[in-house]
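The first residue of the sequence shown is numbered 1, and numbering continues consecutively from there.
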Amino acid sequence: MYITITAQKLGSTYSPSSADFVDYLGKENQGMEEGNENMEYFFNQYHDQISAEEVVREIDDNTAKLEKSEPRFYSITINPSKYELKALDNPNLDLKRYTRELMKDYVASFNREINGRPVSIDDIKYYAKIEHQRTFKGTDKQIRENQPYATKILQLKHNIEKMENGTLKGNIKKMERRIKKLERQAPHQQNGQRIVQDMVKAGSQSHIHIVMSRKDASNSFSLSPGSKYKASDIELNGQIVRRGFNRDLFFDKAEKTFDRTFGYQRSFTEKYSSRKEFINNPRMYFNSLMRLPTNEKTIAFKLLRESGLPIMGSIPFNKAQVALKVFNKLRQGLEVAIKSSSIGI
């Protein structure tokens with residue numbers, strides 16, 4: 001389970017409205033007529049088939065007393081792994097049900113009170129949407145490692161154009177054969193084709209986008225999951241004031257809620273607690289890994305290989321001790337890789 005929390009982008013080049021972001025979330029509906037059975041609508045805790053227009057209106061009108069430098073909304077992206085998706089009977093219905101349970105975990109992670117009581121699900125204003133496709137981005141490993149081939153192919157195509165208009169001499173057929181060879185040699189392929197930017201990823205890619213107002217449903221209180229305060233109590237004007245959002249608690253609850261809801265048996269490497277241990281104490285992480293039963297260890301190494309992290313093969317270890325020096329050398333790059341595709345803000 002990969003979950004990210006992102007604040008609204010601010011600055012002179014970005015609109016203060018949520019319209020652009022909401023419009024982006026409607027990309028899979030483009031070209032569909034109203035009423036198409038494949039059209040995905042927004043939903044919240046109690047209602048389905050909410051229009052994009054209503055989402056923009058509700059988010060943009062719920063910004064009382066916010067400064068220009070403060071985000072008007074936040075977004076959460078929930079990315080189940082392919083293994084988690086296999087545990088679902090009906091991705092649409094199941095992910096919608098999970099979202100509604102997840103948002104209960106979200107409000108429970110605020111160290112805040114509204115009118116003397118904890119924040120409840122009815123205090124927040126959120127809208128969610130399920131998407132079923134993902135495309136390759138320029139930052140993806142497949143695109144980066146295919147780029148040298150893409151550059152050579154593009155140059156060859158430019159040369160062919162010059163030959164066709166007479167500004168360059170050469171053998172067009174020879175260059176076309178060279179292009180075909182480079183297409184085959186590119187290390188990352190999908191369905192027999194070189195993976196390129198914006199290509200739709202194969203397989204089940206269902207995930208959830210959530211947009212939520214910075215202000216509570218009454219437009220009176222600010223609720224920021226991006227608060228720099230994890231969860232603490234301070235004295236203000238002689239009174240104890242609770243503040244902050246406990247991200248660790250939210251991420252841990254989100255994982256446990258999925259497992260409980262769908263009876264999912266989570267492996268060691270899939271656990272949020274394991275990911276934290278990997279970043280904070282790699283030696284302890286790999287010692288824990290090596291103590292797993294053989295079948296669980298096999299699954300763990302398989303998942304690590306699939307993650308693309310350079311953990312297997314080049315790293316020496318024995319039964320007594322993981323080669324900590326090597327792991328520490330890799331740690332910086334691994335931390336970036338994990339944070340870019342895992343739970344974080």
Side-chain angles (χ1 to χ4, degrees), residues 2-27 42-45 50-79 99-100 102-115 118-131 137 139 207-232 234 236 241-251 253-254 339-345:
Y2 300 129
I3 300 178
T4 58
I5 303 176
T6 308
Q8 174 193 13
K9 292 182 178 180
L10 299 173
S12 59
T13 58
Y14 297 102
S15 168
S17 171
S18 63
D20 288 345
F21 181 70
V22 172
D23 182 62
Y24 166 77
L25 296 183
K27 57 186 178 297
F42 287 89
F43 63 93
N44 59 18
Q45 199 68 15
I50 300 173
S51 69
E53 291 76 16
E54 181 177 346
V55 173
V56 173
R57 183 174 63 252
E58 291 294 324
I59 295 294
D60 287 359
D61 288 349
N62 204 59
T63 58
K65 298 182 180 179
L66 286 178
E67 302 292 336
K68 289 183 178 180
S69 59
E70 293 181 299
R72 267 65 170 160
F73 64 88
Y74 285 84
S75 66
I76 298 179
T77 305
I78 306 164
N79 304 284
T99 300
R100 287 167 171 159
L102 176 82
M103 295 313 286
K104 295 176 185 177
D105 297 331
Y106 173 75
V107 296
S109 301
F110 278 102
N111 190 46
R112 291 287 309 276
E113 290 186 348
I114 292 180
N115 297 324
V119 181
S120 75
I121 192 66
D122 294 324
D123 290 319
I124 63 170
K125 183 169 286 193
Y126 84 86
Y127 300 92
K129 189 172 182 294
I130 297 171
E131 292 189 336
K137 297 179 174 62
T139 54
H207 57 284
I208 309 156
H209 287 285
I210 303 171
V211 54
M212 55 228 171
S213 174
R214 166 73 173 266
K215 300 299 291 286
D216 77 313
S218 71
N219 207 8
S220 303
F221 299 91
S222 177
L223 296 172
S224 169
S227 172
K228 64 181 179 179
Y229 304 109
K230 180 177 179 179
S232 59
I234 61 170
L236 186 64
V241 177
R242 303 176 68 191
R243 64 180 181 178
F245 180 80
N246 193 328
R247 295 190 289 275
D248 272 349
L249 178 65
F250 173 54
F251 298 145
K253 280 178 171 288
K339 286 185 175 180
S340 69
S341 61
S342 182
I343 294 174
I345 185 165

About how many Å separate CD1 of Ile124 and CD1 of Ile210, when rounded to the nearest 0.5 Å?
8.5 Å

Side chain to side chain donor-acceptor pair (under 3.5 Å) evaluation trace for Asp20 with Ser15:
CA-CA 8 Å; Asp20 288 345; Ser15 168; 4.7 Å; no

Does the Lys NZ or Arg CZ of Lys253 fall within the cation-pi geometry relative to Phe251 - under 6.0 Å from the ring centre and within 45° of the axis?
no

State, with a plain yes or no, whether a side-chain heavy atom of Ile76 is found less than 4.5 Å away from one of Ile3.
yes

Heavy-atom side-chain proximity of Thr99 to Phe43 below 4.5 angstrom:
yes

The test is side chain to side chain donor-acceptor pair (under 3.5 Å); show your working for Tyr74 and Thr6 and say whether it passes.
CA-CA 6 Å; Tyr74 285 84; Thr6 308; over 6 Å; no

Where does the angle between the aromatic ring planes of Phe245 and Tyr106 fall among parallel (under 30°), tilted (30 to 60°) and perpendicular (over 60°)?
tilted

Distance in Å, Gln45 CD paired with Ser120 OG, rounded so as to fall on 0.5 Å steps
10.0 Å

Full working for side chain to side chain donor-acceptor pair (under 3.5 Å) between Tyr127 and Glu54:
CA-CA 10 Å; Tyr127 300 92; Glu54 181 177 346; 4.9 Å; no

In this structure, OG of Ser17 is separated from CZ of Arg57 (nearest 0.5 Å) by 12.0 Å

Over 12 foreign heavy atoms within 6.0 Å of NZ, Lys27:
yes

Within the 3.5 Å criterion, strictly below it, is a donor on Asp60 or Ser18 matched to an acceptor on the partner's side chain?
yes

Any chance you could lay out the side chain to side chain donor-acceptor pair (under 3.5 Å) test for Ser222 and Arg214, step after step, and finish with the verdict?
CA-CA 6 Å; Ser222 177; Arg214 166 73 173 266; 2.7 Å; yes

